[in-house]
J.: 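Mind having a look at this structure? Questions to follow.
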2 protein chains.
Amino acid sequence: MTAARRIVDADGLEALTMRRLADALKLQLPAIYRVFTNKQTLLDELAEAILAEALPDGRGDHWTAEVALLAGQLRTALLAQRDGARIVGGSYAAKRNTLTYADRFVGIMRQAGLDGTAALWATSTVFCYVLGEALEQQGQSADALDRLDRNAARETYPQLFATPVEEIVNFDERFEFGLGLILDGLRQRLHSAGPAEPGAGRARPAPAPPRPGHRPS
Amino acid sequence: MTAARRIVDADGLEALTMRRLADALKLQLPAIYRVFTNKQTLLDELAEAILAEALPDGRGDHWTAEVALLAGQLRTALLAQRDGARIVGGSYAAKRNTLTYADRFVGIMRQAGLDGTAALWATSTVFCYVLGEALEQQGQSADALDRLDRNAARETYPQLFATPVEEIVNFDERFEFGLGLILDGLRQRLHSAGPAEPGAGRARPAPAPPRPGHRPS
DNA sequence: ACCTGAACACCGTTCAAGT
DNA sequence: ACCTGAACACCGTTCAAGT
């Protein structure tokens, strides 16, 4: 597994072939299939290994801090591995670590006061957003911004070039901004009863009754 | 191009090979390279073709309606093509249609009252979120939910199974929920001066001065 | 100028044959 | 029971040779 990650880190996901992995492990090619039955299961386990780093050790004192921590740690885990977002996004297995991550996230949102369905959807919203951001960041080639003809583009895309376009590539602040939007949206749903009281905190405990029509099988 | 899309729709992105495309076009294999210099340029043009459908014809009367329209149309375009999210997410070219989309989005956000950088980041937030959701939706195999052992999972992931988990797969409402969170966050930033007045609308026009330190070259 | 046959250097995967 | 050599059926890409 570490050998596989090293290959991807060095030469990208395309370079990860069963043959190169066998070479790195000083095995003959068919011996790999005794460890991984498939290339897909290899990729699935790679996704698992990446997501193992997505769970923060500590805990935030407030649900907003906890969500920021979980989202940030997931992002860090994806970015720590070259092509990490593509690996995780391309693995469609019910990954154990994804479920652990989701379980913790859902727990925080329910404790904050969201009902079950909203807690579930909030989890998927943050997960999808973080994945999308990491995918874009890792896909951006270094010279992508410089490659387009600024003078021509300035006339074709006037609105876009009325902004400081270099800020697209300010990934850290860009991520904080987007996450902040989602957090604000969540805050608003938790305070929906009374008028918005910015930074007041202290959410009601969740009743969160599971739906009556929930089939157990 | 339509031949390529037909192959992907029929048998998935993996089935799109230069050989099969040549067959479908009743050409010999090397003749394809007279049209597309690369397989990557073929994929880039595929991404372009998908994104061409992402721009809505009409316009919303309010900025919230316009954002919902743009996000929804992008999602529809991605979902309309099998593996559409993977194709668009895997293409790192400065796509013309992406820029057109971004230009319109940025324009709306600036008109709503956001400054240039915020308008840029808001665009990328929505784009990344929509892409992430579509990626997850298209990656979900039909039986993914049924495959995991519910009884064992109920004990390992208690928070998760305290919710109606089938709702993860309710993609349309899940998307509306997540987009709603982002929209609420944007609304809040536009009303940051006074106290929140839900649904009041009427944002201040944007001054949006381009940064002084902006290098033209 | 355009198209083609044939090949190159790779893939993932399998399997009979060895030890 | 484990490992290996060799092959199978594919890939993307190239190029000398034809018309």
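If you're wondering where the values come from, they're calculated on a predicted model, not measured in any experiment.
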J.: In plain terms, say whether B:Asp83 and B:Arg86 are close enough for a salt bridge, that is, a side-chain N and a carboxylate O under 4.0 Å apart.
T.: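 Yes.
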J.: Measure across A:Leu70 and A:Tyr101 and return the closest heavy-atom pair with its distance rounded to 0.1 Å.
T.: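 Of all heavy-atom pairs spanning A:Leu70 and A:Tyr101, the closest is O-OH, 2.7 Å.
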J.: Checking side-chain contact (heavy atoms from CB on, under 4.5 Å) for the pair B:Thr98/B:Phe127: CA distance, chi angles, key distance, verdict?
T.: CA-CA 10 Å; B:Thr98 318; B:Phe127 191 90; 4.2 Å; yes
J.: Could A:Glu66 and A:Arg59 be called an ion pair, given the rule that one side-chain N must be under 4.0 Å from one carboxylate O?
T.: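 Result for this pair is yes, salt bridge flagged.
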J.: List the protein contact pattern of nucleotides 3-16 of chain C with one symbol per nucleotide (5' to 3'): B for base contact, S for sugar-phosphate-only contact, - for none; contact means a heavy-atom distance under 4.0 Å.
T.: BBB-B---BBBBB-
J.: Which word best sums up how the rings of B:Trp121 and A:Phe177 line up, parallel for under 30°, tilted for 30 to 60°, or perpendicular for over 60°?
T.: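 Answer is tilted, since the angle falls between 30° and 60°.
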J.: Could you give me the CA-CA distance, side-chain angles and deciding distance for A:Arg20 and A:Asp23, then say whether salt bridge (Lys or Arg N to Asp or Glu O under 4.0 Å) is met?
T.: CA-CA 5 Å; A:Arg20 287 210 213 190; A:Asp23 279 1; over 6 Å; no
J.: Please, what dot-bracket string fits DNA chain D when only Watson-Crick and G-U pairs with both distances under 3.5 Å count, crossing ones use [ ] and pairs to another strand use |?
T.: ||.|||||...|||||.||
J.: Once side-chain hydrogen bond (donor to acceptor under 3.5 Å, both in side chains) is applied, do any residues pair with A:Asp103, and if so which ones, sequence neighbours excluded?
T.: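 Residues passing side-chain hydrogen bond (donor to acceptor under 3.5 Å, both in side chains) with A:Asp103: none at all.
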